[in-house]
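For reference, the structure is listed below as structure tokens.
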Amino acid sequence: MGPIDEMAKTTGAWLRSGGPMSDVVISSRIRLARNVKGFPFLAKAGETERKEIFRTLTDRISETDIAKDSVIIDFEELSALDRELLVERHLISRQHAEGEGSRGAVISLREDRSLMINEEDHLRIQVLASGLQLDALWKEINRIDDLIEAGIEYAFDPRFGYLTACPTNVGTGIRVSVMLHLPAMKLTQEIERVLRAARDMRLAVRGLYGEGTEAIGDFFQVSNQTTLGKSEEEVVREFAEDIIPQIVDYELRARETLAAERAYQLDDKVWRAVGILGNARSMSAEESLFLLSHVRMGVHMGRYKAVDMGLLNELFLQTQPAHLQKLHGSPLDGESRSIVRAEYFRRRLGGNN
Amino acid sequence: MGILCQHCHQVPATVHLTDVLPSGEKRERHLCEACAQNEGLLLKPQEGITSILEKFVKHGASVQQTAKLQCPECGISWREFRSQGVLGCPHDYEVFAEHLVPLIERAHEGASTHVGKVPASSGVSAKRQARLVQLRRELAQAVEREDYERAAQLRDEIKAVEDGPN
């Protein structure tokens with residue numbers, strides 16, 4: 001049984017619950033985009049060069065303590081389902097899972113670190129944590145970056161900074177992302193205003209799985225887009241001290257307002273979600289995220305106490321398509337997945353229904 | 001047939017104007033093409049078309065020149081970059097700098113200069129980096145056409161550049 005089969009049974013570090021502001025902030029993530037000096041970017045790299053980049057980077061990483069308690073995964077030896085599972089766990093991007101040619105990742109067994117090799121850039125280092133923990137993440141990713149750089153030269157230019165395949169990442173190559181759960185602002189219809197304000201500040205607001213995904217079930221991912229002219233610390237500080245605490249504050253106030261003025265409506269949402277999850281006979285991934293969002297809100301607001309956050313996080317992850325198939329032990333089409341998913345929820349939440 | 005030109009009274013008017021006088025009163029004028037041109041109301045046709053065409057061709061040429069702009073290291077053209085959105089090698093930032101800077105500024109709130117972390121070893125010359133890109137590209141091509149003798153040569157050269165003084 002490989003490390004990925006083991007993974008499917010648990011939740012990753014970022015979903016293991018806890019962490020500062022975890023009643024609103026699900027997880028924090030920082031990534032750095034880097035390219036190895038002396039190689040073309042991937043658009044102009046042939047298979048020979050891709051292989052060499054892969055080898056150069058995995059060799060270098062193996063010489064450092066990053067390799068300890070990590071697995072080096074060659075995607076050409078990994079099934080599509082396993083790659084999809086890594087996407088659901090936020091360890092790799094969908095683009096990376098669906099890419100071609102020599103590529104892979106070095107993933108820590110604790111799942112708090114993932115280095116993607118030959119994605120859009122030669123190297124994308126990312127670190128993850130539950131709740132709002134950006135300062136700690138920055139320290140850690142900076143350390144990892146230094147370790148790798150001590151034995152490899154990055155493509156760097158004094159004027160443009162770290163050179164990346166896409167000029168939208170050039171400079172620091174940093175992307176800070178925070179995943180937020182904002183159900184109350186959705187119910188009070190304040191969400192659009194806040195999201196608009198975020199976009200005006202040149203922040204990207206996306207869904208659960210990053211680029212190109214819709215916000216489903218009140219889960220939003222907020223990230224910076226500017227990587228030039230602003231230091232890494234500045235971006236991190238803006239997020240940690242300003243942007244995120246403000247959004248969290250709005251959400252908590254919306255929750256208070258709901259509890260004070262429309263408690264019956266709030267409880268109705270929570271209990272309907274509990275009822276459907278415990279009784280449905282077929283359920284899409286999208287519907288389950290929507291319902292889990294409401295249950296989560298109920299638990300965080302102390303209005304529903306029959307489940308704890310650990311179980312919710314587990315259900316959240318394990319009912320995603322690839323996890324469901326992995327745990328079921330065989331591939332399932334969309335319709336069968338909906339049936340198996342409903343069964344799974346009934347077993348975990350519905351008692352004897 | 002419509003009205004004759006109010007100026008020469010010989011040719012049917014094809015240019016119809018409504019002037020608004022300072023008093024607010026409207027005055028209609030009907031002129032033939034030749035008289036309208038004489039009054040400076042119309043461009044002479046040859047001139048007009050030629051100059052418009054000329055501008056168009058000149059503009060087209062500069063757009064084409066930009067599109068043809070190509071990186072000598074990785075071979076990517078500006079057109080290729082614009083259609084796929086990603087660059088071919090680090091050297092492109094230098095080759096395309098003039099055209100790239102406006103795009104970069106738009107993407108980064110007006111900034112075009114790096115602020116932040118600098119790698120410890122950033123003193124290494126860009127030239128050497130460019131040379132390595134080129135050698136590796138040649139190596140890849142040599143391997144592809146199964147020219148292993150040339151590939152071995154190139155590998156030695158790459159090693160020498162890699163290990164050489166910065």
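Quick note on labels: first sequence line is chain A, next is B, and so on, each numbered from 1.
- The backbone N or O of A:Glu49 sits nowhere less than 3.5 Å from a side-chain atom of B:Arg136 that would complete a donor-acceptor pair.
- A distance of 9.5 Å separates CZ in A:Phe41 from CD1 in B:Ile76, rounded to the nearest 0.5 Å.
- Annotation for B:His7: atom NE2 does not count as buried by contact number, only 12 or fewer foreign heavy atoms lying within 6.0 Å.
- Taking every heavy atom of both residues into account, B:Val86 and A:Ala43 meet most closely at CG2-CB, 4.0 Å.
- Closest approach of A:Ala155 to B:Pro90, counting heavy atoms only: CB-CG, 3.7 Å.
- For B:Gln84, the part sitting under 4.5 Å from any heavy atom of chain A is the side chain, from C-beta outward, and nothing else.
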Worked verdict on A:Asp157 versus B:Tyr93 for side-chain contact (heavy atoms from CB on, under 4.5 Å): CA-CA 9 Å; A:Asp157 177 83; B:Tyr93 279 95; 6.0 Å; no

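- Residue A:Glu120 touches chain B through its side chain alone, counting heavy-atom pairs closer than 4.5 Å.
- Looking at A:Arg34, the atoms closer than 4.5 Å to chain B (heavy atoms on both sides) all sit in the side chain, from C-beta outward.
- Between A:Phe156 and B:His114, the ring-plane angle classifies as perpendicular under the 30° and 60° cut-offs.
- Between chain B and the residues A:Asp145, A:Leu42, A:Val235, A:Ile174, the largest count of heavy-atom pairs under 4.5 Å involves A:Asp145.
- The shortest heavy-atom contact between A:Ser231 and B:Gly116 is CB-CA, 3.9 Å.
- With a 4.5 Å cut-off on non-hydrogen atoms, B:Glu105 does not touch chain A at all.
- Between atom CD1 of residue B:Ile104 and atom CZ of residue A:Arg159 there is a gap of 7.5 Å, rounded to the nearest 0.5 Å.
- In this structure, A:Phe160 CZ and B:Ser112 OG are separated by 6.5 Å, a value rounded to the nearest 0.5 Å.
- For a residue to count as touching a neighbouring chain, one of its non-hydrogen atoms must lie under 4.5 Å from one of that chain's; by this rule B:Ile158 does not touch chain A.
- Remark: side-chain polar atoms of B:His108 are paired, donor with acceptor, to backbone N or O of A:Pro167 under 3.5 angstrom.
- Contacts between B:Leu103 and chain A at a heavy-atom distance below 4.5 Å are absent for every atom of the residue.
- Panel note: side chain A:Glu232, backbone B:Lys117; a donor-acceptor pair is recorded below 3.5 Å.
- Within the 4.5 angstrom heavy-atom criterion, no atom of A:Glu233 approaches chain B.
- Across all their heavy atoms, A:Pro40 and B:Cys89 have their closest contact at CA-CB, 3.8 Å.
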